[in-house]
Amino acid sequence: MADPLTWAILGTTMSVIGAVGGTTAGIFGSVQNQRQMEANAKAQEQMFEYNRRQELIEANNVEKETQAADIRQREEQARLRASQRALYAKSGASMTAGSPLAVLGETAATQQIESSDLRRQGATEYNRRISAANSYAYQAQIARKSVNRNSMWTSIGSSLAEGIGNAGASIISGVSGYNQLKK
């Protein structure tokens, strides 16, 4: 049978080993948590960067589509004005003064307003896409900076302090227990 000193030393040793194991697990957990936070932030950053690139592509497409639609519309308008002139000429009306000239002028003004509206709508959509792309770029930057490495070291420091405290308490408790047995 072991003497009380052996039991006190064995109990204290087991308590210290448990404290060291708990501290090690806490440190490992802190490191794993940091890695997971970094992986999540990287995934978010990549998603925002992808969305940003898509918005820039769409903005470019809107710009091209608006230009193409404007060209088509102007060509169609030119055909309409040519048709009007041909009909007035066929009817024998003078196109240098009077109603035919007023109609041609009003048609040209209306068509210019339609072209301006088309370009304005395209510019609005283009600007919306660029703004969204800029927003995604900002969100990617925030995601990149969101992981705080200091938090991992703080957590590790807390685990170490707690582990040292627990080990110290175990040693003190073991010595106190032994002193009680000696009395």
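- Between Ala69 and Leu118, the closest heavy-atom pair is C-CD2, 3.6 Å.
- Rounding to the nearest 0.5 Å places CD of Glu75 at 10.0 Å from CG of Asp70.
- A donor-acceptor pair is defined here as one N or O able to donate and one able to accept, closer than 3.5 Å; such a pair exists between the side chain of Gln77 and the backbone of Gln111.
- Counting only N and O atoms by type, the side chains of Gln67 and Glu63 include no donor and acceptor under 3.5 Å apart.
- When only modelled atom types and interatomic distance are considered, Gln36 and Asn40 share a side-chain donor-acceptor pair under 3.5 Å.
- Hydrophobic cluster membership differs between Tyr136 and Ile130, with clusters built from Ile, Leu, Val, Met, Phe, Trp and Tyr side chains linked at under 4.5 angstrom.
- The heavy-atom pair separating Ala41 from Ala143 by the smallest distance is CB-O, 3.3 Å.
- Using a cut-off of 4.0 Å between Lys/Arg side-chain N and Asp/Glu carboxylate O, Arg128 and Glu125 are scored as salt-bridged.
- With respect to the salt-bridge test (charged N to carboxylate O, under 4.0 angstrom), the residues Glu49 and Arg52 qualify.
- Between Ile57 and Gln54, some side-chain heavy-atom pair lies under the 4.5 Å cut-off.
- Rounded to the nearest 0.5 angstrom, Arg129 CZ and Asn60 CG are separated by 12.0 Å.
- Here Glu45 contributes atom CD and Lys145 contributes atom NZ; the two are 11.0 Å apart, rounded to the nearest 0.5 Å.
- Within the 4.5 Å cutoff, the side chain of Gln84 has no heavy atoms near those of the Leu87 side chain.
- Within a 6.0 Å radius of CD in Glu76, other residues, nucleotides and ligands contribute 12 heavy atoms or fewer.
- A distance of 11.0 Å separates OG in Ser115 from CD1 in Ile71, rounded to the nearest 0.5 Å.
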